[in-house]
Amino acid sequence: MKSLKLTFLAFLAICFSLSAQQLRQPLEEIPFSNKGYVLLKSGEVVEGTIRSTTSGRGINQVKMEDAHGIKHTLKAAEIQEFAVAMNGAVRLQYFSERGSSVKKLFSKDQPTAMPKDFIVFRNTSINGEKELLLQLLNPDFDTVFEVYYDPFARKTTALEGDWITWTGDKHRAYFISKQGGPLVKVKKGNYTKAFATLFGDCSHLAGLRKPKLMDMEKHILYYQNYCVFN
């Protein structure tokens with residue numbers, strides 16, 4: 001048990017240095033007029049300008065205008081993946097917010113990964129109900145687990161700017177799919193139980209006592225980088 005603890009702690013130390021593999025900041029509102037793309041289940045890709053989205057528990061519909069001026073209205077059930085391009089203005093807004101007066105809103109546990117080229121949403125369903133699109137928070141390390149933002153998760157505030165709105169508090173709940181399986185709701189109150197479901201087949205993690213939600217990202221990285229090969 002002692003060697004397990006030391007091994008895991010050593011891996012956690014490595015995880016702290018993996019800035020490229022961190023949960024993305026959830027997006028509160030879709031920035032319209034941004035470029036983006038939709039990958040349909042048919043394999044067709046529609047690229048162009050985002051005109052609007054319709055949302056409930058997740059995104060139900062996307063309206064795009066392609067490079068030829070043709071407008072497309074696409075239902076979530078038709079879409080495999082939807083992505084919003086991170087243009088220069090959005091990036092500037094993100095960096096200025098994280099370094100200015102709202103800095104106090106970000107605790108040490110706040111996701112800190114910088115946005116890359118796209119904010120990604122994927123097709124899924126909650127409890128096997130109607131298909132919808134949820135934001136994927138770990139596009140850089142989603143080979144085993146897909147971590148989705150729960151738009152209805154409790155949060156204290158939001159960070160608004162001229163171009164984009166991010167959640168202001170660390171999100172309190174997630175939906176996680178393991179190897180393409182059904183979504184599992186994960187939050188602070190049920191993390192010990194969810195931990196056993198998600199990571200219990202890895203002997204290196206199964207013995208971890210009192211796992212914390214704030215370390216979930218590191219548990220995923222450990223599982224992906226160590227457990228799947230043993």
| task | Go through the steps to decide whether F195 and L213 satisfy the test side-chain contact (heavy atoms from CB on, under 4.5 Å), and finish with yes or no. | result | CA-CA 9 Å; F195 181 89; L213 179 63; over 6 Å; no
Nearest heavy-atom approach of A206 to G200 is CB-O, 3.8 Å
Those residues at least two apart in sequence (or on a different chain) that pass side chain to side chain contact (heavy atoms under 4.5 Å, CB included) with T197 are none
| query | How about P151 and L134: do any of their side-chain heavy atoms sit closer than 4.5 Å? | reply | yes
Separation between CD1 (I70) and NE2 (H72), nearest 0.5 Å, reads 5.5 Å
So CG of L39 and CG of L74: to nearest 0.5 Å the spacing works out to 11.0 Å
Any heavy-atom pair between the side chains of V144 and Q179 that's under 4.5 Å?
yes
Under 4.5 Å between any side-chain heavy atoms of L198 and H219, yes or no?
no
Side chain to side chain contact (heavy atoms under 4.5 Å, CB included) filter on N60, not counting sequence neighbours, yields L132
Check: Can any side-chain N or O of N123 pair as donor or acceptor with the backbone N or O of L133 at less than 3.5 Å?
Finding: no
Rounded to the nearest 0.5 Å, the CG atom of L23 sits from the CD atom of Q135 at a distance of 10.5 Å
Hits for ring pair (Phe, Tyr, Trp, His ring centres under 6.0 Å) against F121, two or more places apart or cross-chain, chain-then-number order -> F82
All heavy atoms of P211 vs all of Y191, minimum pair found to be O-CD2, 3.6 Å
Contacts of K75 meeting side chain to side chain contact (heavy atoms under 4.5 Å, CB included) (sequence neighbours excluded), chain-then-number -> Q61, E78
Query - Ring-ring centroid check F145 F199, cutoff 6.0 Å - result: yes
Applied to residues 179-188, the salt bridge (Lys or Arg N to Asp or Glu O under 4.0 Å) test, sequence neighbours excluded, yields D150-K185
Sequence neighbours excluded, the answer for side chain to side chain donor-acceptor pair (under 3.5 Å) partners of T192 is none
- Query: Do E146 and Y148 have side-chain atoms, one donor and one acceptor, less than 3.5 Å apart?
  - Reply: yes
NZ (K71) and OG (S52) are apart, to the nearest 0.5 Å, by 10.0 Å
| query | Do the side chains of L221 and F141 get nearer than 4.5 Å, heavy atoms only? | reply | yes
What is the ring orientation for Y222 with Y226, classed by angle as parallel under 30°, tilted 30 to 60°, or perpendicular over 60°?
tilted
Note: I59 and A76 closest approach over all heavy atoms is O-CB, 3.6 Å
Do D142 and R122 touch side chain to side chain, with heavy atoms closer than 4.5 Å? yes
query = Does the pair V84 and I50 meet the rule for a side-chain contact (heavy atoms from CB on, under 4.5 Å), with working shown?
reply = CA-CA 8 Å; V84 182; I50 302 165; 3.8 Å; yes
Between V147 and N138, the two heavy atoms sitting closest are N-OD1, 2.9 Å
ring-ring contact (aromatic ring centres under 6.0 Å, His included) pairs touching residues 37-62, sequence neighbours excluded, are Y37-F118
Applying side chain to side chain donor-acceptor pair (under 3.5 Å) to E47 and not counting sequence neighbours gives none
*asked:* Is any side-chain heavy atom of F175 closer than 4.5 Å to one of T124?
replied: no
Under a 4.5 Å cut-off applied to non-hydrogen side-chain atoms, are V45 and V38 in contact? no
- Answer yes or no: is there a side-chain heavy-atom contact under 4.5 Å between I176 and L183? no
Smallest heavy-atom separation, A194 atom then V186 atom, equals CB-CG2, 3.9 Å
dist C202:SG -> Q224:CD (nearest 0.5 Å) comes out at 12.5 Å
Counting only N and O atoms by type, is there a donor-acceptor contact under 3.5 Å from the side chain of D215 to the main-chain atoms of K218?
no
What I want to find out is whether K178 reaches D201 closely enough, with some N-O distance under 4.0 Å, to be called a salt bridge. yes
Output for pair (D140 CG, R24 CZ), nearest 0.5 Å, gives 5.0 Å
Here the salt bridge (Lys or Arg N to Asp or Glu O under 4.0 Å) pairs for residues 125-137, sequence neighbours left out, are K41-E131
Applying side chain to side chain contact (heavy atoms under 4.5 Å, CB included) to E44 and not counting sequence neighbours gives L40, S42, V46
Sequence neighbours excluded, the answer for side chain to side chain donor-acceptor pair (under 3.5 Å) partners of N190 is none
The side chain to side chain donor-acceptor pair (under 3.5 Å) partners of K212 (sequence neighbours excluded) come to none
